[in-house]
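Owing to the predicted nature of the structure, the values given are computational and were not obtained by experimental measurement. Just follow the structure's listing: the first ligand is 1, and inside any ligand the first atom is 1.
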Amino acid sequence: MAKKKILVLHGPNLNLLGKRQPEIYGRLTLQQINAQIRALAKELGLNVEVRQSNDEGELVTWIQQAPKEFGAIILNPAAYTHTSIALKDAISAVEIPTIEVHISNIHKREEFRKHSFVAEAAVGQITGFGAQSYLLGLRAAAQQL
Ligand code: DQA
């Protein structure tokens with residue numbers, strides 16, 4: 001049977017949500033967003049584990065280890081979206097699907113945010129729906145299990 005557990009990874013600076021550029025990222029804290037993710041997971045009958053790291057290497061390690069326990073990954077790579085070949089390679093290396101999410105619409109912002117290395121390896125990208133992006137990501141992940 002497919003593993004029903006989903007790993008949600010938040011990248012760098014997302015621990016500052018609520019205080020960080022609220023005009024772009026909203027006023028919800030990471031804890032509040034995580035509570036919404038857990039509530040929807042419960043409704044959908046899914047198990048979720050949520051982690052945040054400011055460290056690229058730690059995110060790579062978590063992605064590498066994910067298939068042992070999880071059936072899909074939801075990843076907001078934050079600034080590493082636009083820089084990290086290591087994250088893209090880790091996603092490509094594991095056999096479980098990764099869904100890329102962003103709170104803001106990265107295509108409507110600075111030029112450098114328009115390119116995502118992660119998108120080249122992810123199943124798809126959900127961007128611009130605020131905290132809802134994670135909830136849409138969870139529904140997409142459920143379909144991938
Ligand atoms: C972000 C968008 C990135 O460009 C930025 O570096 C972030 C957050 C988002 O969720 O909108 O830190 O991934």
Below 3.5 Å only, please: the N or O atoms of ligand 1 paired with protein N or O atoms, distance on each line.
{"from": "ligand 1", "atom 1": "4 (O)", "to": "His82", "atom 2": "NE2", "distance (Å)": "2.7"}
{"from": "ligand 1", "atom 1": "4 (O)", "to": "Arg113", "atom 2": "NH1", "distance (Å)": "2.9"}
{"from": "ligand 1", "atom 1": "6 (O)", "to": "Ala79", "atom 2": "N", "distance (Å)": "3.2"}
{"from": "ligand 1", "atom 1": "6 (O)", "to": "Arg113", "atom 2": "NH1", "distance (Å)": "3.1"}
{"from": "ligand 1", "atom 1": "10 (O)", "to": "Asn76", "atom 2": "ND2", "distance (Å)": "2.8"}
{"from": "ligand 1", "atom 1": "10 (O)", "to": "Ile103", "atom 2": "N", "distance (Å)": "2.7"}
{"from": "ligand 1", "atom 1": "11 (O)", "to": "Ile103", "atom 2": "N", "distance (Å)": "3.3"}
{"from": "ligand 1", "atom 1": "11 (O)", "to": "Ser104", "atom 2": "N", "distance (Å)": "2.8"}
{"from": "ligand 1", "atom 1": "11 (O)", "to": "Ser104", "atom 2": "OG", "distance (Å)": "2.6"}
{"from": "ligand 1", "atom 1": "12 (O)", "to": "Arg20", "atom 2": "NH1", "distance (Å)": "3.1"}
{"from": "ligand 1", "atom 1": "12 (O)", "to": "Arg20", "atom 2": "NH2", "distance (Å)": "2.9"}
{"from": "ligand 1", "atom 1": "13 (O)", "to": "Asn76", "atom 2": "OD1", "distance (Å)": "2.8"}
{"from": "ligand 1", "atom 1": "13 (O)", "to": "His102", "atom 2": "ND1", "distance (Å)": "2.8"}

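Hydrophobic clustering places Val118 together with Ile96 (ILVMFWY residues linked when any side-chain heavy atoms are closer than 4.5 Å, directly or through intermediates).
Using a 3.5 Å distance cut-off with no hydrogens or angles, the side chains of His107 and Gln125 do pair a donor with an acceptor.
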Please tabulate, one pair per line, all N/O donor-acceptor pairs under 3.5 Å involving side-chain atoms of residues 131-145, not counting sequence neighbours.
{"from": "Ser133", "atom 1": "OG", "to": "His102", "atom 2": "O", "distance (Å)": "2.8"}
{"from": "Ser133", "atom 1": "OG", "to": "Phe129", "atom 2": "N", "distance (Å)": "3.1"}
{"from": "Ser133", "atom 1": "OG", "to": "Gly130", "atom 2": "O", "distance (Å)": "3.3"}
{"from": "Tyr134", "atom 1": "OH", "to": "His10", "atom 2": "ND1", "distance (Å)": "2.9"}
{"from": "Tyr134", "atom 1": "OH", "to": "Asn76", "atom 2": "ND2", "distance (Å)": "3.0"}

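A donor-acceptor contact shorter than 3.5 Å is absent between the side chain of Glu100 and the backbone of Ile74. The backbone N or O of Asn54 sits less than 3.5 Å from a side-chain atom of Tyr80, completing a donor-acceptor pair.
Summarising the local packing, CZ of Arg27 is surrounded by 12 or fewer heavy atoms from other residues, nucleotides or ligands at distances under 6.0 Å.
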